Amino acid sequence: MIIDAPPVGAAADATILARYVDKVLFVVKWRETSREAVAEGIRHLGGRSKIAGIALTMVDEPKLSKYGRYTSLESSVSDSYYLN
């Protein structure tokens, strides 16, 4: 079952719902959401153990560097995807 909730910071709904679900898919607007906001949202949702994955929305593919199929938050490649 998929449950859609408002953004983490905008209302308490997502934080409350996260307590009752097995995993969370965290959706982030590409190049608009700061790294700090993502980290804070993950913290509110119960930490990394609750996150099944992060989906980027509104990606401008021509501006997206081609570094392969996968990357991680710890890689230097991902630093350019976030506004700080």
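What you see is a predicted model, and the numbers here were worked out from it, not measured in a lab.
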Please answer: with hydrophobic residues joined when any side-chain heavy atoms are less than 4.5 Å apart, are [X] and [Y] in the same cluster?
X: Val38; Y: Leu25; result: no
X: Leu45; Y: Val27; result: no
X: Ile2; Y: Ile54; result: no

Is there side-chain contact between [X] and [Y], with heavy atoms separated by less than 4.5 Å?
X: Trp30; Y: Thr57; answer: no
X: Arg48; Y: Ile42; answer: yes
X: Val8; Y: Phe26; answer: yes

From [X] [atom1] over to [Y] [atom2], what is the distance, rounded to the nearest 0.5 angstrom?
X: Leu17; Y: Thr15; atom1: CG; atom2: OG1; value: 9.0 Å
X: Asp4; Y: Asp13; atom1: CG; atom2: CG; value: 10.5 Å
X: Lys50; Y: Arg43; atom1: NZ; atom2: CZ; value: 16.0 Å
X: Met58; Y: Thr33; atom1: CE; atom2: OG1; value: 11.0 Å

Exercise. Between Lys23 and Ser49, which heavy-atom pair has the shortest distance, and what is it?
Worked result: NZ-O, 2.7 Å

Seminar exercise, completed: Closest non-hydrogen atoms of Ala14 and Pro6, given as atom of the first, atom of the second and distance, are CB-O, 3.7 Å

